[in-house]
Amino acid sequence: MSAQEKIWDIPGGIHPAERKELSNRTPIQQAPLPKRLVLPLGQHIGAVAEPCVVVGQRVRKGEKIAEANGFVSAPLHAPTSGTVSFIGPQPYPHVSGMLAPAVVIDSDGLDEWVDLTPHGDYRHMASAELLALIREAGISGLGGAGFPTAVKLTARPTQKIHTLIINGTECEPYITADDLLMRERAGELVSGIDILVQLIQPDQVLIGIEDNKPEAIAAVRGACSERSYQVRVFPTKYPSGGEKQLIQILTGVEVPSGGLPADIGILCQNVGTCTAIHDAVVLGKPLISRITTLTGEALARPGNVEALLGTPVGELLEFAGLDTGKLNRLIMGGPMMGFTLPSLEVPLIKTSNCLLASTAVELPPPPPAMPCIRCGECAEACPASLLPQQLHFFALGQEHEQLKAHNLFDCIECGACAYVCPSSIPLVQYYRAAKAEIRELEQKQLKAEHSKQRFEQRQERLRRAEEQKEAERKARAEKAARAKAAQAEAPAVAAAAPADEALKKLKIEASMAQVALKKAEKQLAAHDTPELQAQVAELRAAAEAAQKALTNAQAAAPAPTPKPAGDEALKKAKIDAAMLKAQLRKLEKIENPDDDQQAELARLRQQLEAAEKALADLESQAPAPAAKPAGDDTLKKAKVELAMKRAELKKAEKAGADEADLQPLRAALAAAEQALHAAEAASGKPAPELVRTERPGVDEKFKALKTEVAFARADLRKLERDESAAGEALEQARTRLAEAERKLAEYQT
Ligand code: SF4
Ligand code: SF4
């Protein structure tokens with residue numbers, strides 16, 4: 001062995017019966033095309049894919065049927081042509097027998113491909129383009145883990161991958177899929193490695209294969225002959241194919257606990273994944289099939305098949321000659337790390353590297369578990385240098401911290417410990433359950449932590465808002481105090497403003513300062529803090545200053561003039577006096593008042609006297625009523641009076657009354673004329689043109705018509721002088737004058 005081919009050993013490990021001869025003696029066969037394919041949307045680690053087809057849609061082989069749903073996800077493609085017949089829950093390969101969302105395709109038997117876009121000239125492509133091709137092809141790790149390959153290949157900028165390791169170990173008993181793939185498709189495998197090399201530019205490529213696969217070793221070596229890739233062969237031991245274990249075997253370097261190979265500049269890819277990369281890039285084909293080992297003594301024709309994803313396992317086993325009478329336990333994967341399938345209905349998925357149809361003799365049920373005898377065999381077998389018995393005890397006691405402290409998460413669930421345990425304790429089951437519990441708790445804690453952070457952030461926001469409010473309150477109070485101080489110091493300025501306005505402003509400010517003080521005092525009563533105490537002291541000083549400014553302003557303001565007694569007070573005084581007078585009159589009517597009535601009379605007289613005095617005072621305080629201009633009523637009255645006196649005189653003259661009787665009537669008429677003049681004068685309007693009616697030689701009808709014309713004209717002029725006179729009244733007055741003039745003119749003609 002040259003220095004270049006140096007290999008290292010790993011701790012622990014076991015040598016179970018390999019049973020690979022059952023399936024590695026025949027070439028890979030093509031599995032028959034199934035009538036119906038079930039494609040679970042979650043065939044990889046990460047978010048389940050999102051369907052991009054609908055029920056009833058026809059699809060061709062290689063057509064995308066579901067999109068990757070996030071960065072850590074992978075798309076799905078139709079493995080054959082046909083029609084989408086269902087999208088929803090379908091049987092899923094899991095020990096629980098659960099259903100999972102899937103796209104169901106009914107095959108049309110044509111197996112018609114979509115138009116493919118091969119990239120044989122990929123060497124000119126940029127890394128991002130190559131990565132996109134790998135991502136779009138839906139490739140995830142075919143060794144069993146199922147991690148999306150494009151994600152694994154997306155280099156972190158700070159990490160240089162110096163070593164690319166190709167895993168052809170296939171250490172688990174019974175499984176020969178990778179062995180046959182390397183034997184028959186070494187060219188495609190090396191082509192896939194070439195693509196990876198172009199992508200990550202490693203310093204070296206190490207291909208690790210156990211020494212129990214001589215044909216595969218020869219084939220790969222042959223395919224690599226013109227390349228610097230090193231095929232490293234090492235002794236068969238389970239579980240050498242574990243990623244961390246293989247790295248240690250090929251490089252002697254241990255991946256740190258809790259770390260990733262990339263942390264030490266190493267990247268691992270399975271041989272099946274490499275050929276899928278070749279198919280995707282060079283041929284343009286997405287991942288729609290895989291090589292699967294069909295093995296176990298319940299099969300008449302065990303071997304390896306290339307089967308379409310979504311093929312029901314029952315159909316594959318039937319192809320391999322399943323004897324259901326012999327079948328005791330059906331395992332997906334190998335006997336060490338695989339899991340029992342509850343049904344033959346489940347489909348083949350991207351991570352299904354083996355279907356083991358075992359008989360009861362071949363894989364007998366484990367004997368009942370016995371108590372741990374602390375023999376230490378498990379620790380001897382553990383490839384991760386763990387203490388399986390300790391982990392078992394901690395798992396039983398749900399001591400999560402201890403489990404973590406004892407590196408439970410470095411356990412690769414290889415089952416070597418359980419394999420050697422003389423007490424037949426199903427150790428791996430305890431570890432799986434404990435890991436699930438811890439992950440669930442950590443998720444809950446993470447959620448709680450997020451909630452706590454959100455709560456604390458909200459509290460902080462509220463605190464800042466409250467602080468800002470307080471600062472604004474304080475600024476307002478200080479402003480008010482400054483304004484008051486300025487007013488107190490500059491009375492001249494205050495005097496310049498209207499006194500009432502200034503006083504009003506000071507009152508408002510004093511009131512606001514009081515309100516602010518009361519509010520702060522309330523807060524202080526609720527939360528006694530030094531900050532609030534200081535704030536209350538400041539606000540109190542501000543309120544006192546505001547009150548002082550108000551008091552000063554009030555003292556400086558002129559004394560209010562006594563208000564004249566209002567109409568209401570006068571009215572009340574008059575009513576009081578009138579009521580007392582009425583009561584007094586009533587009592588005074590009593591002819592012989594008794595003593596009580598006498599006393600009441602005296603009291604009422606006293607009250608009346610006081611009421612009359614109060615009324616007199618109020619009347620004297622009230623402003624003298626302005627001489628009312630004679631209104632229309634007064635003038636009208638005077639005119640009516642004049643007309644009446646004139647009519648009486650005429651009547652007496654007509655009746656032939658003597659001079660002694662006529663004289664008072666003439667005097668009354670003259671007085672009426674004077675009264676009318678006085679009323680005209682009081683109205684501020686020129687006296688109407690009085691028509692003398694006593695001229696001799698004028699008949700009554702003529703006089704009446706002339707009088708009517710005169711009054712009509714006078715009324716019209718009066719209205720014309722009155723700016724507030726209504727247009728309608730003016731129009732009526734003009735009509736009246738015109739009518740009077742017309743009648744007079746008619747009479748004269
Ligand atoms: S091998 Fe089994 S019995 Fe022995 S120490 Fe480990 S758990 Fe206990
Ligand atoms: S299952 Fe875990 S504890 Fe057991 S041997 Fe494997 S790595 Fe060690």
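First listed ligand is number 1; within each ligand, the first listed atom is number 1. FYI, the numbering just counts along the sequence from 1.
Near I373, the atoms of ligand 1 lying under 4.0 angstrom from a non-hydrogen atom of the residue are 3 (S), 8 (Fe). Of all atoms in ligand 1, listed by their number and element, those nearer than 4.0 Å to a heavy atom of S423 are 3 (S). Less than 4.0 angstrom separates some heavy atom of C372 from each of these atoms of ligand 1: 3 (S), 5 (S), 7 (S), 8 (Fe). Contact atoms of ligand 1 toward R374: 5 (S), 8 (Fe) (distance under 4.0 Å to a heavy atom of the residue). The C375 neighbourhood of ligand 1 comprises atoms 1 (S), 3 (S), 4 (Fe), 5 (S), with distances under 4.0 Å to a heavy atom of that residue.
What you find for V281 and I195 is that their closest heavy atoms are CB-CD1, 3.6 Å.
Residues of the protein with a heavy atom under 4.0 Å from ligand 2 are C382, P383, P388, C411, I412, E413, C414, G415, A416, C417, V428, Y431, listed by chain and number.
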> Checking salt bridge (Lys or Arg N to Asp or Glu O under 4.0 Å) for the pair K213/E215: CA distance, chi angles, key distance, verdict?
Replying inline: CA-CA 6 Å; K213 304 175 188 68; E215 293 97 330; over 6 Å; no
>> Could you walk me through whether N328 and T359 satisfy the side chain to side chain donor-acceptor pair (under 3.5 Å) test, starting with their C-alpha distance in whole Å, then the side-chain angles of each, then the deciding distance to 0.1 Å, before giving a yes or no?
In response: CA-CA 5 Å; N328 176 55; T359 63; over 6 Å; no
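With respect to T273, the side chain to side chain contact (heavy atoms under 4.5 Å, CB included) criterion is satisfied by exactly one of T275, N270, V271: N270.
Distance CD1/I277 to CG/L130: 10.0 Å, rounded to 0.5 Å. Between the CD1 atom of I165 and the SG atom of C268 there is a distance of 4.5 Å, given to the nearest 0.5 Å.
With respect to the salt-bridge test (charged N to carboxylate O, under 4.0 angstrom), the residues R439 and E442 do not qualify.
Close placement of the H406 and F394 rings is indicated, their centers lying within 6.0 Å of each other.
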